[in-house]
Number of protein chains: 2
Amino acid sequence: MKRTTIIDIAAALGVTPSTVSRALAGNPRVSELTRDKVREKALEMGYQPNVVAAALRRGKSDTVGMVVPRINRHFFSHVISAVEEVLNPAGFNLLICQSHEKAELEKLAVQVLLKNRVAGIILSHALETIDFSVFESAAREKVPVVQFDRVHTAVAGPRITNDNFSGAYLAVKHLIKSGYKRIAHLTGSLNINVYQERYRGYKYALEEAGLPIDIGVMENSITRETGYESTLSLLQQTRFDAVFCAGDFAAIGAMQALHDKGLSVPSAMGIVGFANEPFSDFITPRLSTVEQNAHDMGHLTAKALIRAINGKAPMEADWEEVVPVRLLVRDSSMRGETTAY
Amino acid sequence: MKRTTIIDIAAALGVTPSTVSRALAGNPRVSELTRDKVREKALEMGYQPNVVAAALRRGKSDTVGMVVPRINRHFFSHVISAVEEVLNPAGFNLLICQSHEKAELEKLAVQVLLKNRVAGIILSHALETIDFSVFESAAREKVPVVQFDRVHTAVAGPRITNDNFSGAYLAVKHLIKSGYKRIAHLTGSLNINVYQERYRGYKYALEEAGLPIDIGVMENSITRETGYESTLSLLQQTRFDAVFCAGDFAAIGAMQALHDKGLSVPSAMGIVGFANEPFSDFITPRLSTVEQNAHDMGHLTAKALIRAINGKAPMEADWEEVVPVRLLVRDSSMRGETTAY
DNA sequence: AGCAAAAATACAAACGTTTGCACAAAAAAC
DNA sequence: GTTTTTTGTGCAAACGTTTGTATTTTTGCT
């Protein structure tokens, strides 16, 4: 059975396709009477608009592309949901791609999105990405790009980031208040804005308190496995009584390494993570961590994109919006004797 | 700057757009010489095909739609990745939608996909879904649908499921072998094939061992919260020494409830979950669970869809493929005295 | 009733491909 | 050397919308 088109509706009603198109679009240039007739007929004939044809004609689709490193990270999946909450009511739908942390896949994804003539792109970079030339194509084709969380100034357009600096600062300050004095740090690649900022916050808190900042910082220690290994290395290299981890997975790894070495958390060692992964709340001891507001971030990102699509926001004027974070104090950083905090 | 089209390339080369189209498509009706020239020019001019126009002309896009309840479930996100692994090399790309377990959103998502003229749809139903009429539209428009995990026979097309029966059977049999005798069950809605099958496996194992099957079965207890509440209820209603949970989140809830009541796992109470969520391995005690093979499931699903798209598999012939699962025995179900297993 | 202005609709071109068919040139067959 | 076949291109229509402009119809005024 052929699909019904506006031409079929037009024929059935004795009007032209253009009238049908305008009627369905709610264009005030068609009378209320015919508009109602058209809508009724469309419903009756089970009409489903062909958005592909519309996209071709208009040169833009109602689809927004979103590229994230992985969809199964708590933070990213929540940002995605929040973005949907804004975009769907606005008539857009989301094409989600994963870069799997690979620069090449990220580039490919962006190209696919451009080929599909998406209305705009929302993106958080892969860890690897250092070449941003694809985004010039996007700019050339006037497809707005909004970056969130892992952002880079080499790409034009709005950037929505977490307040990583303050999060790290609060986390470390809390460790200090709890009585820990020699605080190490596990982080990701310091090429990424996110980890740079957390590192900055970490250092700032230590400096402010007059504590040593050269205890030990391990880069590329962001997974459970690398967190585990790096903690073992640290134990051999240096002396410390707490670890601030730039991610919860690393914190879990650190916890296990400490456990395996017979060091108890939080009495012998304090740990604070980052991201508030769902498991953080029901491991033993419960992990103190920094909660990112994925919901607000998604909303802000989506709204920024809509503004950019509607041309309200010149893409050249790329500004940065910072979303506040929140420290969640749980067991892993609470020394019995200093619970006073 | 205008985008380059095949018309531009044609003009630059003094040929017609049709030749360019055929050249780029690798059609044998154009000579090797012109094909190479066209390809070179396309590269030189930075040509990006307009897949929207192609989709309109062909009546089909290279996009496949995928609808899942939520993308942040370990199982679903891994199926998605596996589907991508098959689909991307085959030239398709994925449009991912979430139903958030709502029947209405699922229906909406399918409609959006149909409007976008996707080549096919991959879907796992929301818990709520009981009305399958949208899928008749899909069938009418000859858009193949492949269901996975949460499937329903009311929808035409291939179904790829986990071996939920065997998984549950193995889990409960293992509890029995470990010495537990009164085994309760937390499950989801028994309208869903997935939970029906797990329930069947649970009962079968108990019957086989001659153990009572009326200890206590709590429906709609699949989240951490409901798992917690249901376990407390069970403790009041009945006497039991183990719980088989149809999901890991419920198992976590159960564990916490038991912990709060001073019942230790696994010595006083055995617990086995289902799904092998990533946290299952690093909570205390480590949770025994049934691992689903998301990778194989994704591959099989994607391949089935590609077959259906290519018309190799008549949609009417809807068959079911079952993916084996694996029991992971960890601490939560191992009584000290019966570790012999 | 007559005319201008406003409102509603029709016409037709465009968006960038793909593809059946026609056609010319080259190659093969007789 | 003519006819047939093969091979490579061109032509033009189609896919289903949207939208600027032209045309018709209605409305409001005098």
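These numbers come from the heavy atoms of this one structure, side chains and all, not from hydrogens, waters or symmetry mates. Just so we're on the same page: letters track the sequence lines, and every chain starts at 1.
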I need the residues from residues 107-119 of chain B with at least one non-hydrogen atom less than 4.0 Å from DNA chain C; give them sorted by number, or say none.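 By residue number: none to list.
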Going by atom types only, do A:H152 and A:Q147 share a side-chain donor-acceptor pair under 3.5 Å?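 The answer is no; no qualifying pair exists.
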[X]: which residues meet the side-chain contact (heavy atoms from CB on, under 4.5 Å) condition with it, sequence neighbours left out?
| X | value |
| --- | --- |
| B:A302 | B:V83, B:V86, B:L87 |
| A:T16 | A:S18, A:T19 |
| B:R35 | B:A23, B:V30, B:E32, B:R39 |

- Applying ring pair (Phe, Tyr, Trp, His ring centres under 6.0 Å), which residue pairs with at least one partner in residues 88-121 of chain B are found, sequence neighbours left out?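 Found none.
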N/O-N/O pairs, protein side and nucleotides 4-7 of chain D side, under 3.5 Å:
none

Kindly indicate whether the side chain of [X], heavy atoms from C-beta on, has any atom under 4.5 Å from the side chain of [Y].
| X | Y | value |
| --- | --- | --- |
| A:R150 | A:P69 | yes |
| A:V20 | A:V15 | yes |
| B:E141 | A:R3 | yes |

Whole Å only: how far is the CD atom of B:E32 from the C1' atom of D:dG8?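 Value for this atom pair: 13 Å.
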### First of A:R58 and A:R35 reached from the 5' end of DNA chain C, by closest nucleotide
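The 5'-side residue here is A:R35.
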Discussion item. What range of DNA chain C does chain A touch, first nucleotide to last, counting atoms under 4.0 Å from its heavy atoms?
Written reply: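 Range of nucleotides within reach of chain A: C:dA8 to C:dG16.
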Hits for side-chain hydrogen bond (donor to acceptor under 3.5 Å, both in side chains) against A:N293, two or more places apart or cross-chain, chain-then-number order -> A:D296
Check: Residues two or more places apart in sequence or in another chain: which of them pass side-chain hydrogen bond (donor to acceptor under 3.5 Å, both in side chains) with A:N27?
Finding: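 By the side-chain hydrogen bond (donor to acceptor under 3.5 Å, both in side chains) rule, A:N27 matches no residue at all.
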Bend of the helix from C:dA1-D:dT30 to C:dC30-D:dG1 from end-axis comparison, five pairs per end, nearest 10°, comes to 40°
Here the residues of residues 40-57 of chain B within 4.0 Å heavy-atom distance, strictly under, of DNA chain D are B:L56, B:R57
Under a 4.0 Å heavy-atom cutoff, the residues of residues 8-26 of chain B touching DNA chain D are B:G14, B:V15, B:T16, B:S18, B:T19, B:R22
